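Inspection log for the structure reproduced underneath, given as structure tokens.
Along the sequence shown, residues carry numbers from 1. It should be emphasised that the depicted structure is a prediction, and the values quoted were computed from it without experimental measurement. Only heavy atoms go into these numbers, but all of them, side chains included; no hydrogens, no water, no symmetry mates.
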Amino acid sequence: MTLADLHTLTGAYSVHALDEDEQREFESHLAVCPACTQEVREFRETAARLASSVGATPSAELRRRVLDGISTVRQLPPELPAPEPVVGIGRRRTRRVTVFVAAACLAVIGALGGVAIDQYQDARRAERAVDAQRERSAGIEAVITAPDAVQASAPVTGGGTAKVIVSRALDRTVLLTTGLPSLSNARVYQGWYDDNGHMRSIGVIRPGKALLASAIDRASGVGLTVEPAGGSAQPTGDPIVLLEFPAGRA
């Protein structure tokens, strides 16, 4: 199983939906991945809220409106078995688990009233988070394994290391950091494209997370700064690291 596959198993692991081999491999990965540890914690908190919700008897009017609305909800088609590579099993399982949670919440709306509606919305948010994480992991893997991918790394002022991986063919970069010092809640790390001296934001990056960015355009490298919470339109201080893009492969 690839590193990108392991990153997509946080949702399935949180609801105990992995088989023994997948669980063993994911827990080995979890021991060295703070990002996945955080996501597992968040998913479990959501699951705990769903489990601890208190049911309430719906009014006759609410029951009528819910039953009327069910007729407009598209039924999921049956899931037919199809031969697929073993390496994708974690992704398919994650999708099945989150769809099942959402469908289960919808089915009990008539019995639990307003509380069940909140549960369903929580499950949909969890499903969207898993989908976004899967797409992000696939994008990162595509850059890392691209035939034209090149990379550079450098130490960060204050501690830690930054690495950038570039694929001009995909017009994407991946910025990775390790060992960055923790910041207060009022500060964040922010990545930038270096357009020949003009810094263009590529987003906030959490320590230990990978930042996937597109639209390289004329950028010659990337930088990292410390900014106020929420990020800045332009850097408010000097970069703590600057990485120049290596020359492309011949």
Residue list, salt bridge (charged side-chain N to carboxylate O under 4.0 Å, His left out) with Asp21, at least two apart or on another chain: Arg24

Gln234 vs His198, side chain to side chain contact (heavy atoms under 4.5 Å, CB included): CA-CA, chis, key distance, verdict: CA-CA 9 Å; Gln234 292 295 325; His198 173 73; 3.8 Å; yes

Working for side chain to side chain contact (heavy atoms under 4.5 Å, CB included), residues Arg168 and Phe245: CA-CA 10 Å; Arg168 293 280 184 180; Phe245 291 155; 3.5 Å; yes

Kindly list each side-chain donor-acceptor pair under 3.5 angstrom involving residues 217-229, sequence neighbours excluded, with atom names and distances?
from   : atom 1 : to     : atom 2 : distance (Å)
Ser220 : OG     : Asp194 : O      : 3.2
Thr225 : OG1    : Trp192 : NE1    : 2.7
Thr225 : OG1    : Glu227 : OE2    : 2.7
Glu227 : OE1    : Ser232 : OG     : 2.8
Glu227 : OE1    : Thr236 : N      : 3.2
Glu227 : OE1    : Thr236 : OG1    : 2.6
Glu227 : OE2    : Thr236 : N      : 3.1

Any side-chain heavy-atom pair of Lys209 and Gln38 under 4.5 Å: no

Residue pair Met199 / Leu242: nearest heavy atoms and the distance that separates them: CE-CD2, 4.1 Å

All side-chain hydrogen bond (donor to acceptor under 3.5 Å, both in side chains) counterparts of Tyr13, not counting sequence neighbours: Glu27

Between OG1 on residue Thr177 and OH on residue Tyr189, distance to nearest 0.5 Å: 8.0 Å

Stepwise side chain to side chain contact (heavy atoms under 4.5 Å, CB included) test for Val166 and Ile216: CA-CA 9 Å; Val166 189; Ile216 297 174; 3.8 Å; yes

Over all atoms of both residues, closest heavy-atom pair of Val150 and Ala247: CG1-O, 3.6 Å

Where Ser167 and Asp148 come nearest, the two heavy atoms and their spacing: OG-OD1, 2.8 Å

Arg136 side chain near Ile140 side chain, heavy-atom distance below 4.5 Å: yes

Run the side-chain donor-acceptor check on residues 151-164: report pairs under 3.5 Å with partners two or more places apart or on a different chain.
from   : atom 1 : to     : atom 2 : distance (Å)
Gln151 : OE1    : Lys163 : NZ     : 3.3
Thr157 : OG1    : Ile240 : O      : 3.2

Those residues that, when tested against Arg172, pass side-chain hydrogen bond (donor to acceptor under 3.5 Å, both in side chains) (two or more places apart): none

For Val40 against Leu30, the heavy-atom pair lying closest together: CG2-CD1, 4.1 Å

Within-4.5 Å side-chain heavy-atom neighbours: Phe26 and Cys33: no

Rounded distance [0.5 Å steps], CZ in Arg134 versus CG in Leu9: 11.0 Å

ILVMFWY network linking Ile202 to Val188, side-chain heavy atoms under 4.5 angstrom: no

Leu183 with Ile205, same ILVMFWY side-chain cluster at under 4.5 Å: yes

Any residue meeting salt bridge (charged side-chain N to carboxylate O under 4.0 Å, His left out) with Asp171, in chain and number order, not counting sequence neighbours: none

ILVMFWY network linking Ile144 to Leu212, side-chain heavy atoms under 4.5 angstrom: yes

Side chain to side chain contact (heavy atoms under 4.5 Å, CB included) between Thr173 and Leu175, intermediate numbers included: CA-CA 7 Å; Thr173 63; Leu175 179 60; 5.9 Å; no

Nearest non-hydrogen partners of Ala146 and Leu170, listed with the distance: CB-CD1, 4.1 Å

Shortest non-hydrogen separation from Ala149 to Ile165 and the atoms involved: CB-CG2, 4.2 Å

